[in-house]
Amino acid sequence: MWALIKIEAGYPFLPYHAYLCEPDKNATQPQERKVMHETRLRFPPSPTGYLHIGGARTALYNWLYAKKTGGKLVLRIEDTDADRSSEDSIQGIIDGLNWLGIDWDEGPYFQTEFSHEHRAAAARLVRHGKAYHCFCSKEELERKREAALKAKTAVGYDGTCRHLGEAEITARHERGIPSVIRFKVPERHGKLGYDDEVLGRIESDYEEIDDFVIVRSNGNPLYLLCNVVDDIRDRITHVVRGQDHMTNTIKQLLLYEALGAPVPVFAHMPLTLDTKKAKISKRSHGEIVAVQFYRDNGFIPWAFNNFLVLLGWSPGDDREIFSKEELIEAFSLDRINKSASIFNYRKDDPKFFTDPKAIAINEHYLRTMDVEALAPMVKDVLVKEQLWDDSYEGERKQWFLQTIELIRSRFHVLTDFTTMGRAYFSDDFQIEEKPLTKNLLKFPELQTLLPELAERYALLSDFSLEQTERLARECAERAGVKPGVIINGMRTVVTGQLAGPSLFEILITIGQQKVVERLCRTPQFYV
RNA sequence: GUCCCCAUCGUCUAGUCAGGUCCAGGACACCGGCCUUUCACGCCGGCAACACCGGUUCAAAUCCGGUUGGGGACGCCA
């Protein structure tokens, strides 16, 4: 069981380390022998919308630390607010985590399934005089709050019901006056605090802490309480969450104490802000902060994780690209940054649809990862656009892999295979405006030259790099134009693109028959 | 208004705890060059920051104090 070993002077709590120790009867100084229990972390999203990048990053950090320490990650859906929770968002969150490849060892648990425990805990606190019924009405409280705000004085509960007598409480209950349960913050002087793994020592004056509500008037327990009760039950050893929870942590410390439970290690990660330095949220930023958006826009899952982890953490050296194993190895809580980072997405930027660094990291993986590993991801986007052919996994597998290899260095996201790379997988593709005018319309002679060249290509028994290039250059020479005119004209007609790989490589890849057909179609673009 | 947290290039950051090796390193973005049938990749180069003031010290991005700025919390939301 838990052993309480070391008391830190001046604080009513044991430092967390103490709770992670097992007593050693033989040791003379048992506090020096720290036997760590299995680390247990949790990701507790509230199902009020899709998974957004802040949540994903929190999940990632928890997951990484669990993996690093050989511990467990618990997924717990905090659905205590029935009004705002939805089945859809539960599924959305799970889908998002699955896509990212963040797996969990236990759960998903649902907070509502444990409400009896939360109520029992609240009842126990009341019984022990550590919480009390408060009969102040919402309106009254709101009025006081407004007044305090207006008078520019402290905003917070004034303790009206804190000292109500037994008889008075019973009387009010009998009269049917609704009440909430408030936690009774101990009357102590001095400070309350904990050692944050990221921020260091965090302290707060007891006087600053208001008696907070733990159970609503309808009997439903609130987050502050549920969260602690669940963490105790789930034996959570490390709480890694955003800095927006810092004031909650102070209050929850009191709850742990009142419930007689060991305090976990806390690590508060910096928040991710938008380009105007406001906290990112689903409501004000929409799809650009949704994990799903990155899935749908051709991101490689691990590349996205790699980007996210760098938003507020660094390994201490110059490395930025990590394999899963490397990242787990390199990750640590104490190298998490203290200051908030900005998610530098560029709204309406024609070149970058999100943070340029995210795209850069994605490109890196897209261009360097093993083609065999990339192929299934390319398959997914092709399937979605009805460009997939089963032979790409059968007799044309080599062709498929080589084609990916040929075209990927120009791509940024997976969906580029279906847009810029469309002509490799389908005859139904558009000629882009720019190459049309620049490479085709500008040279009317191509209307006859390209079909002529097509005829020669059709007769070629050896449709090779050397032969296709030789005939193209001969064609240019006969017509008295620069080879580039022929080459870029062909690129345009064959791929629809202004830029691409070496043209003759393209021809071989697309194949003799299709190349001939496409070259013959040249005149139709001039009408 | 109160409390808490934070502060290095445009952005992500290294360096801060153990002051000198930092007229501050890397990445992305941007600009230029090389390569080239195009575009990209790649390679080479460039631009660009210690918020401010004071103190401690032989020496401060680094330690201390203050100022300013930014963020967060202050709910019968999570």
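Only a predicted model underlies this, so the values are computations on that prediction, with no experimental measurement involved. In what follows, chains carry the letters A, B, and so on, assigned in the order in which the sequence lines appear, proteins first and then strands, with residues in each chain numbered from 1. Just so you know, these numbers use all the heavy atoms, side chains as well, and skip hydrogens, waters and symmetry mates.
- B:U68 and B:A14 are spaced 26 Å apart, taking the C1' atom of each and rounding to whole Å.
- The partner of B:A40 is absent, by the rule that a Watson-Crick or G-U pair needs both atom distances under 3.5 Å.
- Cation-pi geometry between A:R57 and A:Y61 is met: under 6.0 angstrom from the ring centre, within 45 degrees of the axis.
- For a distance-only test at 3.5 Å, the side chain of A:E142 fails to qualify as a donor-acceptor partner of the base of B:G75.
- Classified by interplanar angle (parallel below 30°, tilted 30° to 60°, perpendicular above 60°), the ring pair A:Y109/A:F114 is perpendicular.
- Spacing between B:A49 and B:G26 at atom P, rounded to whole Å, works out to 14 Å.
- A side-chain donor-acceptor contact under 3.5 Å links A:D274 and A:H285.
- Listed for the A:W104 side chain is no donor-acceptor partner under 3.5 Å among the backbone atoms of A:R76.
- Screening residues 307-320 of chain A for salt bridge (Lys or Arg N to Asp or Glu O under 4.0 Å) gives A:D317-A:R319, A:E320-A:K357 as the qualifying pairs, with residues at least two apart or on separate chains.
- At a threshold of 4.0 angstrom between heavy atoms, the contacts of A:I209 with the nucleic acid are absent.
- Among residues two or more places apart in sequence or in another chain, the salt bridge (charged side-chain N to carboxylate O under 4.0 Å, His left out) test is passed with A:R518 by A:D427.
- Atom P of B:A61 sits at a distance of 15 Å from the matching atom of B:C9, rounded to the whole Å.
- For the side chain to side chain donor-acceptor pair (under 3.5 Å) condition, the pairs that include at least one residue of residues 486-510 of chain A, sequence neighbours left out, are A:E432-A:Q497, A:N439-A:T492.
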Study note, to complete from the structure: Quick tally for nucleotides 36-52 of chain B: nucleotides whose base has a protein heavy atom under 4.0 Å get B, sugar-phosphate-only ones S, the rest -, giving -BBBBS-----------
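- Shown here are the salt bridge (charged side-chain N to carboxylate O under 4.0 Å, His left out) partners of A:E474, two or more places apart in sequence or in another chain: A:R470.
- The base of B:A73 does not come close enough to the side chain of A:N248 for any donor and acceptor atom to sit less than 3.5 Å apart.
- Backbone-only engagement by A:K351 is indicated by non-hydrogen atom pairs under 4.0 Å involving sugar-phosphate atoms exclusively.
- A cation-pi arrangement is found for A:R182 relative to A:Y157, the charged atom lying closer than 6.0 Å to the ring centre and inside a 45° cone about the ring normal.
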Can you give me every donor-acceptor pair (side chain of residues 47-54 of chain A, partner residue at least two apart or in another chain, under 3.5 Å) with its distance?
unit_1: A:Y50; atom_1: OH; unit_2: A:G286; atom_2: O; d: 2.8
unit_1: A:H52; atom_1: ND1; unit_2: A:G54; atom_2: N; d: 3.3

Which protein N or O atoms sit under 3.5 Å from an N or O of nucleotides 61-72 of chain B?
unit_1: B:G72; atom_1: OP1; unit_2: A:K279; atom_2: N; d: 3.3

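- Contacts of residues 176-187 of chain A with RNA chain B (heavy atom under 4.0 Å): A:V180.
- Comparing B:C3 with B:C17, their P atoms are spaced 29 Å from each other, to the whole Å.
- Within residues 212-221 of chain A, the residues approaching RNA chain B are A:V213, A:R216, A:S217, by heavy-atom distance under 4.0 Å.
- Residue A:R346 has no polar side-chain atom (N or O) positioned under 4.0 Å from OP1 or OP2 of B:G10.
- Nucleic acid contact for A:F343: none, since no nucleic acid atom lies under 4.0 Å from a heavy atom of the residue.
- For the OP1/OP2 pair of B:A14 and a distance below 4.0 Å, the side-chain nitrogens and oxygens of A:N337 include at least one atom meeting the criterion.
- Residue contacts shown for A:K338 are limited to sugar-phosphate atoms, with no base heavy atom under 4.0 Å away.
- Among pairs with a residue in residues 210-223 of chain A, those fulfilling salt bridge (Lys or Arg N to Asp or Glu O under 4.0 Å) read A:R162-A:D211, at least two apart in sequence or across chains.
- Base pairing of B:A73 is made with B:U2, judged by Watson-Crick or G-U wobble geometry with both donor-acceptor distances under 3.5 Å.
- For the pair A:P356 and A:N344, nearest-nucleotide mapping onto RNA chain B gives the more 5' position to A:N344.
- Between the side chains of A:T415 and A:T418, no donor-acceptor pair is found at a separation under 3.5 Å.
- With sequence neighbours excluded, the residues that form a ring-ring contact (aromatic ring centres under 6.0 Å, His included) with A:H133 are A:H173.
- When distances are taken from the side chain of A:K357 to each of B:U11, B:U13, B:A27, the shortest belongs to B:A27.
- Here the separation of B:G25 from B:G69, taken at their P atoms, is 31 Å to the nearest Å.
- A gap of 22 Å separates the P atoms of B:A27 and B:A51, to the nearest Å.
- With hydrogens and angles left out, the side-chain atoms of A:H268 and A:Q243 include no donor and acceptor closer than 3.5 Å.
- In this structure, B:C9 makes no Watson-Crick or G-U wobble pair, since no nucleotide meets both defining distances under 3.5 angstrom.
- The interatomic distance linking A:F353 (CZ) with B:A29 (P) rounds to 14 Å, in whole Å.
- Using P as the reference atom, B:C31 and B:A59 are 44 Å apart when rounded to the nearest Å.
- In this structure, A:R145 reaches the sugar-phosphate backbone alone: every heavy-atom distance under 4.0 Å involves primed, P, OP1 or OP2 atoms, never a base.
- The aromatic rings of A:W313 and A:F331 are tilted relative to each other, their planes meeting at an angle between 30° and 60°.
- Pairing of B:A14, defined by two Watson-Crick or G-U wobble distances under 3.5 Å, is not identified with any nucleotide.
- Contacts of A:G312 with the nucleic acid, taken as non-hydrogen atoms under 4.0 Å apart, involve only primed sugar atoms and P, OP1 or OP2.
- For A:A373, the side-chain contact (heavy atoms from CB on, under 4.5 Å) partners are A:M369, A:D370, not counting sequence neighbours.
- A distance of about 28 Å separates the P atoms of B:G15 and B:G54, rounded to the whole Å.
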